[in-house]
Amino acid sequence: MGSAEPKKRIAIMGSTGSIGTQTLDVIRSHSELFEVEILTAHSNDELLIKQALEFRPNAVVICDEKKYEAVKSALSSTDIKVFAGENALEQVADFDTYDIMLAAIVGFAGLKPTLKAVNKGKMIALANKETLVVAGDIVMQTALEKRAPIIPVDSEHSAIFQCLVGEARNPIEKVILTASGGPFLGKKPNFLVNVKRDHALQHPNWSMGAKISIDSATLMNKGLEMIEAKWLFNLEPKQVEVVIHPQSIVHSLVQFEDGSLKAQMGLPDMKLPIQYALGFPGRIKNDFPRFNFRKYPTLSFEEPDYKTFRNLGLAIEALKTGGNMPCILNAANEIAVWAFLKNRIGFLDITAVVEKTMESISLIAKPTLEEYFDSDGEARNFAASLMKL
Ligand code: NDP
Ligand code: MG
């Protein structure tokens, strides 16, 4: 990228989270290439204010309206616009003044603003996998119609995307998503039944937000990623496989029709896929630590333990069933993970809640966007009633 090119203006949805703050690290190191246009937070007003004063965006959103006054007054000496409330996310997503939306809100809440940006034909750097899990058909169809490029930030999907560069004419035989196995790799149900929140939050290779950390411990994250891969790369369910790779060095693989496998490798650091998505199609020089074979003499691969980590099987079932089933799975999982994080249910109860909810909510084969919202609400209510929340 030549320095004569205008800076890319970035809207970071969920700037106060794990992906959001790492995106700001990337932008801070490459202020000659990028500038911040929009920042959003759910309720972390203090960090949002700090970020806004450093990066001077055009606008910020604080979803929690109770925090509006605090943000407004802290930024009163600047010309930064301050918005509050859930609807404000869509309002700023509708701005013409940004080039790339970095979608890093966690969960279903990311769907509406991301879809708004897709509808405007904006480039999306997508971390928020739930957007595709819930409504992948609508999001991808809209992206096609509006010519909105979707560049994955999720490390596995970034790996696959990178393997596909230059392969546009070559059909994919299958993709293989690698999974670290999370903190409970090798454990059995008699151990998992007593697992507590703090232990489940300790991921061996990645430092991430609370929800995705629990999803990694239950392997639901990999299930959501299988569904995400189906939509991103236009695959049949049987073309998406998972392998456990505890070192998290091979980020995923693509197998082509000649049997050749391409993999993308590197140290586990989300700044790399974030930077790749923002810089695409270019690669940006950086000084991140480099991989060293002496530190990783063995890279190992094994089958997932489907019997113990039943969430993976439930996600595969949702992937094969299609319709609103992935949306139901996602909603039940979000609320069950929330309850686990609040110490209201046990670790294995997460799977039980997801399974019962999937059995109970009616299947819709080809839902409209409104029906996805209804299914999400219905599944949340049902899951909450199961847990007596
Ligand atoms: P975090 O929990 O760390 O951050 C979430 C961000 O979204 C915060 O800015 C938060 O604001 C905001 N937010 C939370 N709930 C809402 C809501 N209801 N409405 C609006 N904003 C909200 O999550 P992560 O950064 O870990 O993950 C973000 C997304 O990226 C997820 O979809 C995850 O699956 C995906 N991802 C994350 C990876 C990682 O390494 N962390 C890797 C691959 C994918 P506040 O801080 O104010 O609460
Ligand atoms: Mg991932």
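Predicted model, so just to flag it, every value in this text is computed and none were measured.
Between Lys222 and Glu225, at least one side-chain nitrogen of the basic residue sits less than 4.0 Å from a carboxylate oxygen of the acidic one, meeting the salt-bridge criterion. A salt bridge is defined here as a Lys NZ or Arg NE, NH1 or NH2 lying under 4.0 Å from an Asp or Glu carboxylate O, and Lys196 with Asp198 fails to meet this definition.
Side-chain N or O atoms of Asn128 include one that pairs as donor or acceptor with a backbone N or O of Ile105 at under 3.5 Å. Without hydrogens or angle criteria, Lys67 side chain to Ser43 main chain gives a donor-acceptor distance under 3.5 Å. With hydrogens and angles ignored, the 3.5 Å screen pairs a side-chain donor or acceptor of His251 with a backbone N or O of Gly266. With hydrogens and angles disregarded, a donor-acceptor distance shorter than 3.5 Å links the side chain of Tyr98 to the backbone of Ala93. Without hydrogens or angle criteria, Glu241 side chain to Lys174 main chain gives no donor-acceptor distance under 3.5 Å. Using modelled atom types, no side-chain atom of Arg147 and backbone atom of Leu144 make a donor-acceptor pair closer than 3.5 Å. A donor-acceptor contact shorter than 3.5 Å is absent between the side chain of Asp154 and the backbone of Glu156. Between the side chain of His245 and the backbone N or O of Leu299, no donor-acceptor pair lies under 3.5 Å. Judged purely by atom type and a 3.5 angstrom limit, Lys262 has no side-chain atom pairing as donor or acceptor with the backbone of Leu164. Although no hydrogens or angles enter the test, the distance criterion places no donor-acceptor pair under 3.5 Å between the side chain of Ser158 and the main chain of Ser155.
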Test side chain to side chain contact (heavy atoms under 4.5 Å, CB included) applied to Gln239 and Phe233, step by step
CA-CA 10 Å; Gln239 291 176 287; Phe233 307 114; over 6 Å; no
Do Arg344 and Asp349 pass the salt bridge (charged side-chain N to carboxylate O under 4.0 Å, His left out) test, and can you show the C-alpha distance, the side-chain angles, and the key distance before you say yes or no?
CA-CA 10 Å; Arg344 305 276 286 267; Asp349 297 332; over 6 Å; no
Apply side chain to side chain contact (heavy atoms under 4.5 Å, CB included) to residues Gln91 and Val61 and explain how you reach the verdict.
CA-CA 10 Å; Gln91 209 180 330; Val61 174; over 6 Å; no
Test Val243 against Val250 for side chain to side chain contact (heavy atoms under 4.5 Å, CB included), laying out the working first.
CA-CA 11 Å; Val243 68; Val250 175; over 6 Å; no
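Residues Trp206 and Ser18 form no side-chain contact, since every pair of their non-hydrogen atoms from C-beta on lies 4.5 Å or further apart. You'll find the side chain of Val92 stays beyond 4.5 Å of the side chain of Val60, heavy atoms only. Using a 4.5 Å cut-off on side-chain heavy atoms (C-beta onward), Thr23 and Phe34 make no contact. Under the 4.5 Å side-chain criterion, counting only non-hydrogen atoms from C-beta, Phe382 is in contact with Leu386. Taking the side chain as every heavy atom from C-beta outward, Met140 and Asn234 never approach each other to under 4.5 Å. With contacts defined as side-chain heavy-atom distances shorter than 4.5 Å, the pair Val153/Met270 qualifies. Taking 4.5 Å as the limit, some side-chain heavy atom of Glu334 sits within range of a side-chain heavy atom of Glu130. Considering only heavy atoms from C-beta on, Lys187 stays 4.5 Å or farther from Thr308 through its side chain.
Going from atom OG of Ser360 over to atom CD of Glu355 covers 10.0 Å, rounded to the nearest 0.5 Å. Taken to the nearest 0.5 Å, the CD atom of Glu37 stands 14.5 Å off from the CZ atom of Arg56. Interatomic distance, Asn58 CG to Thr97 OG1, rounded to the nearest 0.5 Å: 5.0 Å. Here the CG atom belonging to Leu363 is positioned 5.5 Å from the CG atom belonging to Asn324, to the nearest 0.5 angstrom. In this structure, CE on Met226 lies 8.5 Å from NZ on Lys320, to the nearest 0.5 angstrom. From Leu235, atom CG reaches atom CD1 of Ile227 across 13.0 Å, with rounding to the nearest 0.5 Å.
Scored by the side chain to side chain contact (heavy atoms under 4.5 Å, CB included) test, Asn170 finds Glu167, Phe256 as partners (sequence neighbours excluded).
Of the options Leu177, Leu261, Val175, a side chain to side chain contact (heavy atoms under 4.5 Å, CB included) to Leu253 is made by Leu261 and by none of the others.
The hydrophobic cluster containing Leu272 does not contain Leu102, counting ILVMFWY residues as joined when their side-chain heavy atoms lie under 4.5 angstrom apart, directly or transitively. At a threshold of 4.5 Å between side-chain heavy atoms, the hydrophobic network of Ile, Leu, Val, Met, Phe, Trp and Tyr places Phe95 and Met101 in one connected group. Using a 4.5 Å cut-off between side-chain heavy atoms of Ile, Leu, Val, Met, Phe, Trp and Tyr, with links allowed through other members, Trp231 and Ile364 fall into different hydrophobic clusters.
Side-chain atoms of Asn205 and Ser180 form no donor-acceptor pair, as typed in the model, at a separation below 3.5 Å. Using a 3.5 Å distance cut-off with no hydrogens or angles, the side chains of Ser375 and Glu371 do not pair a donor with an acceptor. In this structure, a donor-acceptor pair under 3.5 Å is absent between the side chains of Thr16 and Asn44.
Between Pro57 and Leu39, the shortest heavy-atom contact is CG-CD1, 3.9 Å. Closest approach of Phe280 to Ile151, counting heavy atoms only: CD2-CD1, 3.7 Å.
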Show me the side-chain donor-acceptor pairs of residues 107-119 shorter than 3.5 Å, one per line, residues at least two apart or across chains.
unit_1 : atom_1 : unit_2 : atom_2 : d
Thr114 : OG1    : Gly110 : O      : 2.6
Asn119 : ND2    : Leu115 : O      : 3.4

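Note on residues 91-106: pairs passing salt bridge (Lys or Arg N to Asp or Glu O under 4.0 Å), not counting sequence neighbours, are Arg9-Asp99, Asp94-Lys120, Asp96-Lys120.
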